[in-house]
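This report concerns only the one structure given below.
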Amino acid sequence: MEAKQRVKLSQWDALMLEGLRAYGWSDDELLQRVRERNLPEDHSIYEFDYQALAEFAAADPELFESAVKDGYIIKYNTLGGLRSWIAVAYGLEPVVVRDPGQEMVIAELTEAQKERLESVISFGWAIHEDAAKPGVYRMEPIQR
């Protein structure tokens, strides 16, 4: 039996989805709230427009439901977007290094958090554990 391929979401749609997940709703409740447009107003630094996510979900409900229930892959990550995803999904504030040739995002993650991040991070990124600091990971572009 073939494994179901995860859908691809834009970095922004993935961030909005994680913003809604932070409310602790079940997948079914999240899907229902998006369908009914019964969504909160976001007052975070991101100012997510959850109604835009509802428009996306209405345009392709099967894709959106699959992203919620089966997981997703982000189409393209940036340094700032990766930092933001970790902040929104895990409530952590990772370190972003923007020095030319040394670009990376550094975060202390549990094994489960690292595994989930590995499942969503876009192609072109590698995750390395700091040998001197177990649980501290560097997310780096494969090519610089």
Side-chain angles (χ1 to χ4, degrees), residues 3-99 102-144:
K4 189 169 188 175
Q5 186 171 347
R6 285 177 293 138
V7 300
K8 292 187 177 185
L9 292 183
S10 73
Q11 187 168 259
W12 191 248
D13 288 338
L15 283 168
M16 286 195 288
L17 176 54
E18 295 305 324
L20 289 176
R21 282 193 189 283
Y23 285 91
W25 302 325
S26 68
D27 289 349
D28 289 333
E29 183 177 1
L30 189 151
L31 290 166
Q32 180 180 347
R33 284 177 168 270
V34 170
R35 259 191 313 275
E36 295 172 354
R37 297 177 185 263
N38 179 14
L39 299 166
E41 192 172 313
D42 184 50
H43 298 289
S44 74
I45 62 169
Y46 304 101
E47 297 182 355
F48 293 132
D49 178 4
Y50 292 125
Q51 296 304 321
L53 186 65
E55 291 290 330
F56 167 74
D60 197 337
E62 290 163 4
L63 183 137
F64 185 72
E65 182 173 346
S66 180
V68 171
K69 290 188 171 185
D70 304 319
Y72 60 86
I73 297 172
I74 297 171
K75 291 178 188 176
Y76 179 80
N77 281 112
T78 62
L79 281 170
L82 191 51
R83 184 218 65 81
S84 295
W85 190 93
I86 292 168
V88 172
Y90 300 143
L92 303 172
E93 190 52 55
V95 174
V96 178
V97 177
R98 296 183 186 276
D99 300 334
Q102 298 298 313
E103 302 90 348
M104 69 182 81
V105 177
I106 304 167
E108 188 170 345
L109 304 171
T110 66
E111 185 65 24
Q113 288 170 329
K114 182 202 62 128
E115 288 174 6
R116 178 149 188 260
L117 178 59
E118 283 176 328
S119 77
V120 303
I121 199 168
S122 68
F123 177 78
W125 288 85
I127 300 175
H128 303 285
E129 187 169 19
D130 187 326
K133 299 177 186 171
V136 174
Y137 296 91
R138 298 182 326 273
M139 285 60 70
E140 304 173 280
I142 292 171
Q143 291 189 310
R144 299 183 202 261

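Summarising the local packing, CD of E41 is surrounded by 12 or fewer heavy atoms from other residues, nucleotides or ligands at distances under 6.0 Å.
Within the structure, no pair that satisfies the ring-ring contact (aromatic ring centres under 6.0 Å, His included) test touches residues 117-144, not counting sequence neighbours. Listed by first and then second residue, the salt bridge (charged side-chain N to carboxylate O under 4.0 Å, His left out) pairs involving residues 8-24 are E18-R21, E18-R116, R21-D27 (not counting sequence neighbours). Counting only residues at least two apart or on different chains, the ring-ring contact (aromatic ring centres under 6.0 Å, His included) pairs with a member in residues 32-61 are W12-F48, Y46-F48, F48-Y50. Residue pairs meeting the salt bridge (charged side-chain N to carboxylate O under 4.0 Å, His left out) criterion with at least one member in residues 72-95, sequence neighbours excluded, are R83-E93. Applying the salt bridge (charged side-chain N to carboxylate O under 4.0 Å, His left out) test to pairs two or more places apart or on separate chains, those with a residue in residues 117-137 are K114-E118.
Looking at Q11, its side chain does come within 3.5 Å of a backbone N or O of T78 through a donor-acceptor pair.
Closest approach of V88 to L15, counting heavy atoms only: CG1-O, 3.8 Å. Of all heavy-atom pairs between R138 and M104, the closest is CD-SD, 3.6 Å. Between S122 and N77 the shortest heavy-atom distance is N-OD1, 2.8 Å. When all heavy atoms of V105 and L79 are compared, the closest pair comes out as CG2-O, 3.7 Å. Across I74 and A14, no two heavy atoms sit closer than the pair CG1-CB, 3.8 Å.
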Name the atoms and distances for all side-chain donor-acceptor pairs under 3.5 Å in residues 57-65, with sequence neighbours left out.
| from | atom 1 | to | atom 2 | distance (Å) |
| --- | --- | --- | --- | --- |
| D60 | OD1 | L63 | N | 3.3 |
| E65 | OE2 | K69 | NZ | 3.3 |

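Side-chain atoms of L92 and E108, non-hydrogen and from C-beta on, never get closer than 4.5 Å to each other.
Residues satisfying the side-chain hydrogen bond (donor to acceptor under 3.5 Å, both in side chains) criterion with S44, sequence neighbours excluded, are D42. Partners of Q102 by side-chain hydrogen bond (donor to acceptor under 3.5 Å, both in side chains), not counting sequence neighbours: none found. In terms of the salt bridge (Lys or Arg N to Asp or Glu O under 4.0 Å) criterion, residue partners of R37 (sequence neighbours excluded) are, by chain and number, E55. Remark: Q32 pairs with E36 by the side-chain hydrogen bond (donor to acceptor under 3.5 Å, both in side chains) rule, at least two apart or across chains. Residues passing the side-chain hydrogen bond (donor to acceptor under 3.5 Å, both in side chains) test with R33 are E29, sequence neighbours excluded. Among residues two or more places apart in sequence or in another chain, the salt bridge (Lys or Arg N to Asp or Glu O under 4.0 Å) test is passed with E115 by none.
Here the CG-CD1 distance, from L82 to I121, works out to 4.5 Å after rounding to the nearest 0.5 Å. Between the CD atom of E140 and the CD1 atom of I127 there is a distance of 10.5 Å, given to the nearest 0.5 Å. From L9, atom CG reaches atom CG of L17 across 6.5 Å, with rounding to the nearest 0.5 Å.
The side-chain contact (heavy atoms from CB on, under 4.5 Å) test with V68 is passed by exactly one of V7, L20, L30, D28: L30.
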